[in-house]
Colleague: 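My questions all concern the structure below.
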2 protein chains.
Amino acid sequence: MSKRADKSPYHHGNLRESLVIKASEMLHVEGIDGLSMRKLADAVGVSRTALYHHFQDKNALLCAIAEQGFARWHATSERIFNQAKVKDRDKVRQFVHDYINYAADNPQLYELMFGRTLWKNATPTESLKSVAYPSFQHQVTMTKRWQQQGLMPANEDTLRLAQVTWGTLHGIARLLIDGIYADRTHIDEMCECAVNLFSQPNR
Amino acid sequence: MSKRADKSPYHHGNLRESLVIKASEMLHVEGIDGLSMRKLADAVGVSRTALYHHFQDKNALLCAIAEQGFARWHATSERIFNQAKVKDRDKVRQFVHDYINYAADNPQLYELMFGRTLWKNATPTESLKSVAYPSFQHQVTMTKRWQQQGLMPANEDTLRLAQVTWGTLHGIARLLIDGIYADRTHIDEMCECAVNLFSQPNR
DNA sequence: CGGCTAATTTTGACAGTGTCAAGATTGCCG
DNA sequence: CGGCAATCTTGACACTGTCAAAATTAGCCG
């Protein structure tokens, strides 16, 4: 019993948690490249290699941060769909807006959550996978429902449709984040345009 | 006269060109992070800092590579739209497929062309901008035409529509490249689904 | 053909990075 | 209180991009 992570710790004072917090902070301001293990250790007040007793890799640290990001978005998403008295069409609309705004508000985090750094370059933690995969599964489930309700074309394969609609959101988010051919002032109009595109009865 | 870049050069044998070629090669196999100035210099057979007389930065080198990528894609794109005897609807279809396949065939290059590395982190070269911007402008022009022909919804703002449709392509490309929730075997079906989504008279 | 200038390349150096191996410290449980 | 294991530190290594100064070389002009 009392393996770790609940009792007051040895030297520092719950390092692991402090690391994730501080790292998220640094990620947000400095960006993914500006976040270095050594600077992080410095900021928290421990020595360079102290981190390696709580995270195997820099990769593991990043996975932990991303994981937190997924959890937070998942909560927001749940809140949207659990609203009673809101029509499904409006939920879709709200979902799109919130998704894009979440990305625009936390560009570095979004980049980390869905970028090549974790998913292609490195090996995502099992723990991260177990949080990230259901996130897309949810999109598929929702797409199926929207099809059944006539909100989205019923003749398209659900999986493909989910990939494409989510791909659209992802694409818009990245255009904004990377600052190519779009900026924040376009967000609302772009969202509306996107919703109109894949939500069936046009008006 | 004879400023450079046409006569046989001094020591090496047209270093600048060799660098871009070799760098593109390394980018393709090793990825954007695996491409280091020192390894590149080594591979070409010059010393570490020789590159800095042809490129101010690593950033400048990357811009040159990306520029070449834009040129190549632009050529492909032109070829599609200049075909006589092909209906515009089929051109759109072909455009979508080729775009995604270009990205899937050159993942690292695509990542460089449209990624944060150049557009957000660093400062894109003027030269790069002058090649990249028209690329999107072309998308806008095409979107306008498609709207006029009734292929795409005429009531949407052209600029927004162009952003969203291209965003969709971009999103799908990135999902494939970064390997999240999609892989190459899905390409064709995803493309068809996308085309159906934003091309008006559904069938 | 000789020499000067300017383009080109090299060597040395510096401040960073992630991470491994060993040693020092510390808290906790028996 | 003793010992053990968790925790943290120090030292080191192989990398990275890039600057300054020295060395090399090519091309042009007289």
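Order of the sequence lines fixes the chain letters, A, B, ..., with proteins taken first and strands second; residue numbering starts at 1 for each chain.
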Colleague: Please state how far atom CD in B:Glu30 lies from atom P in D:dC15, giving the value in whole angstrom units.
Modeller: 13 Å
Colleague: Are any of A:His54's side-chain N or O atoms less than 4.0 Å away from OP1 or OP2 of D:dC8?
Modeller: yes
Colleague: Where along nucleotides 17-22 of chain D does protein come under 4.0 Å, by heavy atom, of base (B) or sugar-phosphate alone (S), with - for untouched nucleotides?
Modeller: BBB---
Colleague: Nearest whole Å is fine: how far is D:dC15 P from B:Leu40 CG?
Modeller: 17 Å
Colleague: Nearest whole Å is fine: how far is C:dT8 P from B:Asn14 CG?
Modeller: 10 Å
Colleague: Taking ring-ring contact (aromatic ring centres under 6.0 Å, His included) as the test, write out the residues that go with A:His74, two or more places apart.
Modeller: none
Colleague: With sequence neighbours excluded, tell me which residues meet salt bridge (charged side-chain N to carboxylate O under 4.0 Å, His left out) with B:Asp183.
Modeller: none
Colleague: Can you measure A:Asp42 atom CG to C:dG16 atom C1' for me and round it to whole angstrom units?
Modeller: 13 Å
Colleague: Separation of B:Leu15 atom CG from D:dA26 atom C1', in whole Å?
Modeller: 15 Å
Colleague: Could you tell me the separation between the CG atom of B:Leu19 and the P atom of C:dT8, rounded to a whole number of Å?
Modeller: 12 Å
Colleague: Pair up each side-chain donor or acceptor in residues 122-129 of chain A with any protein partner under 3.5 Å, not counting sequence neighbours, and list the distances.
Modeller:
| residue | atom | partner | partner atom | Å |
| --- | --- | --- | --- | --- |
| A:Glu126 | OE2 | A:Lys129 | NZ | 3.3 |
| A:Ser127 | OG | A:Glu67 | OE1 | 2.9 |
| A:Ser127 | OG | A:Glu67 | OE2 | 2.7 |

Colleague: Can you list every ring pair (Phe, Tyr, Trp, His ring centres under 6.0 Å) pair that touches residues 19-44 of chain B, not counting sequence neighbours?
Modeller: none
Colleague: For the residue pair A:Phe114 and A:Phe70, categorise the inter-ring angle as parallel (less than 30°), tilted (30 to 60°) or perpendicular (more than 60°).
Modeller: perpendicular
Colleague: What residues, two or more places apart in sequence or in another chain, satisfy salt bridge (charged side-chain N to carboxylate O under 4.0 Å, His left out) together with A:Lys22?
Modeller: A:Glu25
